[in-house]
Amino acid sequence: MFDNPSCINCVFKSPATKFLSDNEIIQLEQNCAVAELKPGEKIFKQGVFSSNIIYLKKGIVKLHIEGPYKEQILKITKGPTYLGIPTTFDEKYYRYSATTVEETGVCFINIETFRKFVQENGKFAYEIIIELCKSEISLFKKCINRSQKNARGRIADALLFLKEEIYEESSFRLPLTRNELGDYVNTTRESVSRILNEFHNEKIIKVTGRDISILNEKLLNIISKTG
DNA sequence: GCATTAACCACAG
DNA sequence: CTGTGGTTAATGC
């Protein structure tokens, strides 16, 4: 499952690691483990001692948290990106979980090594900050989406997000079950089912099981804004 | 009151 | 894991 990585020649090198010196790259290689994960595998789990920063090279991942009543999917993200910085850098335990939703390549990076790069290499640190900023802004959007829109609007928003930010195509296969999509946009699986069917009947999207094609993006945009 | 929205429940593929 | 129908509670004219 684990291989010794060759970071210098990695084709998935992150913007941040491009600023590492040769010496630092060697340190990275010595303090990092690579793994290929199948869909549905946990990368890390809420409540467990956190000791690694994860670099997601490729693949799609859901970040989720066990709330007082039910599961909440916080965000869906794809590589290349780092995972777990907020919960590993300054916290003892993972405050949320990360689970793959498709074939995924990850690197587990020792937190002390990562911390050292941030402290000693300004350009590296700058790239990390940029990524954290983007993530926070995107979460602000989701916050508004979840709290100020009706169910149709929230689902429309999620479909547009998947199209634009994840797949970059109008047709894609839902990475989540209806239930999980509900956990993502704060609704029930029944409502997700019904609304996807409504969109289908209104010729806004084409739904075949988990396969989605967006037919009328303009209308979907309007729905995502107004419900 | 009346309509709309969405959650909850139950049952069936 | 999904889809559907009935019911119910909350909210807004």
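Lettering of chains follows the sequences in order, A, B, ..., and the numbering in each one begins at 1.
Side-chain N/O atoms of A:Glu190 and base N/O atoms of B:dC9 include a donor-acceptor pair closer than 3.5 Å.
Distance, A:Leu181 CG to C:dG3 C1': 15 Å, rounded to whole Å. Computed from coordinates, the A:Arg189 CZ to C:dG5 C1' distance equals 13 Å when rounded to whole Å. One interatomic measurement links the two molecules: CZ of A:Arg210 to C1' of C:dT2, which rounds to 11 Å at whole-angstrom precision. The interatomic distance linking A:Ile155 (CD1) with C:dT2 (P) rounds to 13 Å, in whole Å. The nearest whole Å value for the distance from the NE2 atom in A:His200 to the C1' atom in C:dT4 is 16 Å. Rounded to whole Å, the distance from CG on A:Asn179 to C1' on C:dT2 is 10 Å. Counting to the nearest Å, the C1' atom of C:dC1 and the CD atom of A:Glu71 are 17 Å from each other.
Applying the side chain to side chain donor-acceptor pair (under 3.5 Å) criterion to A:Glu112, with sequence neighbours excluded, gives A:Arg115. In this view, A:Ser138 satisfies the side chain to side chain donor-acceptor pair (under 3.5 Å) rule with no residue, not counting sequence neighbours.
If you chain together ILVMFWY residues whose side-chain heavy atoms come under 4.5 Å of each other, A:Tyr93 ends up grouped with A:Phe49. Connectivity analysis of hydrophobic side chains (ILVMFWY, heavy atoms under 4.5 Å, direct or indirect) links A:Leu215 to nothing; its cluster partners are none.
Atom NZ of A:Lys206 has 12 or fewer neighbouring heavy atoms from other residues, nucleotides or ligands inside a 6.0 Å radius.
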Report all interatomic pairs (protein N or O, nucleotide N or O of nucleotides 2-7 of chain B) with separations under 3.5 Å.
residue: B:dA6; atom: OP1; partner: A:Ala151; partner atom: N; Å: 2.7
residue: B:dA7; atom: OP1; partner: A:Thr187; partner atom: OG1; Å: 3.3
residue: B:dA7; atom: OP2; partner: A:Thr187; partner atom: OG1; Å: 2.8
residue: B:dA7; atom: OP2; partner: A:Thr188; partner atom: OG1; Å: 3.4
residue: B:dA7; atom: OP2; partner: A:Ser191; partner atom: OG; Å: 2.7

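Between A:Lys18 and A:Glu127, no side-chain nitrogen of the basic residue sits less than 4.0 Å from a carboxylate oxygen of the acidic one, so the salt-bridge criterion is not met.
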Where along nucleotides 8-13 of chain C does protein come under 4.0 Å, by heavy atom, of base (B) or sugar-phosphate alone (S), with - for untouched nucleotides? ------

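When atom types are taken as modelled, the side chain of A:Lys149 and the backbone of A:Ser224 share a donor-acceptor pair closer than 3.5 angstrom.
Ring centroids of A:Phe124 and A:Phe114 are separated by less than 6.0 Å, placing the two rings close together.
A:Gln72 and A:Asn186 share a donor-acceptor pair across their side chains, judged by distance under 3.5 Å alone.
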